[in-house]
Amino acid sequence: MRTFYVTTPIYYVNAEPHLGTAYSTIAADVLARYHRLKGEDVFFLTGVDEHGENIQTLAAEKGISEQELCDQMAPMFTKLWKKLNLSNDIFLRTTSELHKRGATKFLNALYKTGDIYKGKYDGYYCRRCESFYTERELAESKNCPVHKLPVEWVEEENYFFALSKYQDGLRAHIRANPEFIQPESRRNEVLNVVESGLKDVSISRASVSWGIPLPFDQTHMTYVWIEALCNYITALGYGEDGEKFHKYWPANVHMMGKDITRFHAIIWPAMLMAVNLPLPRQIFAHGFVTNQGEKISKTKGNVIDMDTLIGEFGLDAFRYFFLREFSFGNDGDYSQDRFVLRYNADLANDLGNLLNRTLGLVSKNFGVIPEPTTPGEFDDEVKGIARETIDQVDALMGQLAFDMALEKIWEFVRRINRYVQQTQVWSLAKSEETKGRMGTILYNCMESLRTIAVLISPFVPDTANRIRQQMGLDECFENQGLDTVSEWGGLPSGKTVGKPEPIFPRKDTKRKPRHAASSQTEQIATENLISIDQFQSMDLRVAEVIAAERIPNADRLLKLQVDLGSEKRQVVAGIAAHYSPEDLVGKQIVLVANLKPTKIRGIESQGMLLAASGKKELAVATFEKRLPPGTQVR
RNA sequence: GCCGGUGUAGCUCAGUGGUAGAGCACACGACUCAUAAUCGUGCUGUCCGGAGUUCAACUCUCCGCACCGGCACCA
């Protein structure tokens, strides 16, 4: 029996699950369900990543143990997955013994290859990011560019994995296997990174206590990312349950958001190469969901509330929308309007109404599924399209083109609506002679609906079941494979049909009162308040720009000469995308005058100008009146 | 600045070396079994701009512009 192993990333338990994680996981679920439908032996993995310094810190803040924290967080994921009707075969926690044992074995195997060596690592370290930064990556303030928190100078002995050794092997593999990294754009990106040279990566942390110790040196914890990647094999019982592992590995698809492509496309395959395990067949990085064109973020307050959406439209509409509307692999934009449009057009009008009108006619005129006694015009065409649809959907699902697969299915749905129209079935009830033809047409409609129900079942499992129920077919979908629709005519005549009820009640298109327009500005921090003294430690001055020029080979940089009254300064500012040099000359700006000088692009910068910047726009702070240069700002 | 991608009807996108398509939206018509649904017809396009190759380019090549992603860089 063919096997199919699909994975999602294991999600970090430092935050609750959100739409992005749901999107990845639903997509993986659809894929898993589709392959089960094909009769394959599927293993679908998802789980949570529970180790690392972040968890350690968070637990300390809450005054509970790390394990307690994880035990609180993990159920949030399992609960949501249940709500989303996900069919994962395992929910792996990295704190589980299964994972710990597997990871330990893997690390030992890796160690034996000789590709792990002890080296000294020193650098600026951000505890939040759990990663190092070079001096250049940091601001003068010595703050982490992501969290704006102070970083620490850390010197520690670390273990390294000789990633650089696998550069050529990786490149060759990516080149030879176009399917390996998808979509294409991600593949190019990764190829680019690999070709520009790989550096060895640190795989341990001596300063962290919450994690899995390196088996060959218990004083070091395995770096959380390295350990997490192992989950794809530990979930299969790597190193112990040989049978399961050999059955499913290598994975057919590692599915993930595009932000974590590199760990999966570079480090993970290299580690597998090192220990001589086969590489996953495909790494698929999907796009992000935006909300009306904007990135979704908590601080922005434009998070899409899944509960509300599911409450109002139903789970299946939710699952349907994100897979139909977005081209998997590209970013997709959500808006309530588009959601309603899709819901009404596709689910209520096309599919829901087709089922409803068909069953209405059947129950009124026959009461049972009629016999197909009287073939006629259009019948063969409909049957042909059914066959064609099944084949095309299969090809598209193979490419993870969920949107196109659904489009194909809906072409079929529309064709059946047209069939009803063309044959004017309803008018055939008037005489007994035409009743045979009527029954045949209705049979064909129902048989089409049965096929459609099977095809859509991976996407909208509940809907598929409801369609079957209304049609009077009691078996639910778990037992209905693709093979049950591969031959036309599998629908049994004579069965009593159920009561037709709209499966997707149409939604009013009238604009609902919008929930409070999401604010454009980010929430203002109320934590980490500073004292007036701290504020006064900044020496802010009025400065007049006397000259400005671009810096070659830098998109964002301008070199400014400014007048501070008592002295002149040279400042490099990252505002070139928004201001041309001419715009600035003569302007009076706010300068942080007591900032330690630094070199940017080899050019000395003696201060920093203040500017407000949002996602797109940026404006330099100026004064509404001219002032003597050097005047203090407070 | 480097690497890659995209730019086609109001919107989302498909597409081929021979002068353009789908769905949605919109308009009109038909029908009435059905969830104001369905079916039919129509609609708008300098297929980003410019140059070149060609009998012929939206489709190939080059240049440019805009936008997106990655890198560099951004206090």
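Every heavy atom of this structure was used, including side-chain atoms; hydrogens, water molecules and symmetry mates were not. Quick note on labels: first sequence line is chain A, next is B, and so on, each numbered from 1.
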**Request:** Report yes if at least one side-chain N or O of A:Asn349 is closer than 4.0 Å to OP1 or OP2 of B:U38; otherwise report no.
**Result:** yes
**Asked** Any side-chain N or O of A:Arg414 less than 4.0 Å from the OP1 or OP2 oxygen of B:U38?
**Response** no
**Message:** Do A:Ser327 and A:Asn330 pair up side chain to side chain, a donor and an acceptor below 3.5 Å, judged on atom types alone?
**Reply:** yes
**A:Ser24-A:Thr21 side chain donor-acceptor pair, cut-off 3.5 Å** = no
**Asked** In terms of the nearest nucleotide of RNA chain B, which residue is placed more toward the 5' end: A:Ser185 or A:Ala345?
**Response** A:Ser185
**Message:** Reading RNA chain B from 5' onward, which residue's closest nucleotide shows up sooner: A:Asn417 or A:Phe504?
**Reply:** A:Phe504
**Prompt:** Hey, are A:Glu447 and A:Lys383 close enough for a salt bridge, meaning a charged N less than 4.0 Å from a carboxylate O?
**Reply:** no
**Item:** NZ/NE/NH1/NH2 to OD/OE distance under 4.0 Å, A:Asp316 and A:Arg466
**Value:** no
**Prompt:** Say you pick atom P in B:A14 and the same atom in B:C73; how far apart are they, in whole Å?
**Reply:** 34 Å
**Item:** Same-atom distance (P) from B:G70 to B:C24, integer angstrom
**Value:** 34 Å
Spacing of [X] atom [atom1] relative to [N] atom [atom2], expressed in whole Å:
X: A:Gln421; N: B:C31; atom1: CD; atom2: P; result: 10 Å
X: A:Arg437; N: B:C33; atom1: CZ; atom2: P; result: 19 Å
X: A:Glu325; N: B:G23; atom1: CD; atom2: C1'; result: 10 Å
X: A:Glu189; N: B:U6; atom1: CD; atom2: P; result: 14 Å
X: A:Arg171; N: B:C3; atom1: CZ; atom2: P; result: 17 Å

**Message:** Classify A:Arg415 by what it touches in the nucleic acid, base, sugar-phosphate, or nothing, heavy-atom distance under 4.0 Å.
**Reply:** nothing
**Base-pairing assignment for B:G17 (Watson-Crick or G-U wobble, both under 3.5 Å)** = none
**Prompt:** B:A72 pairs with which nucleotide, Watson-Crick or G-U wobble, both distances below 3.5 Å?
**Reply:** none
**Fill in**
Checking B:G4, B:G23, B:C33 against the side chain of A:Asn188 (C-beta onward), the nearest is B:G4
**Item:** Euclidean distance, A:Ile416 CD1 relative to A:Ser448 OG, rounded to 0.5 Å
**Value:** 3.5 Å
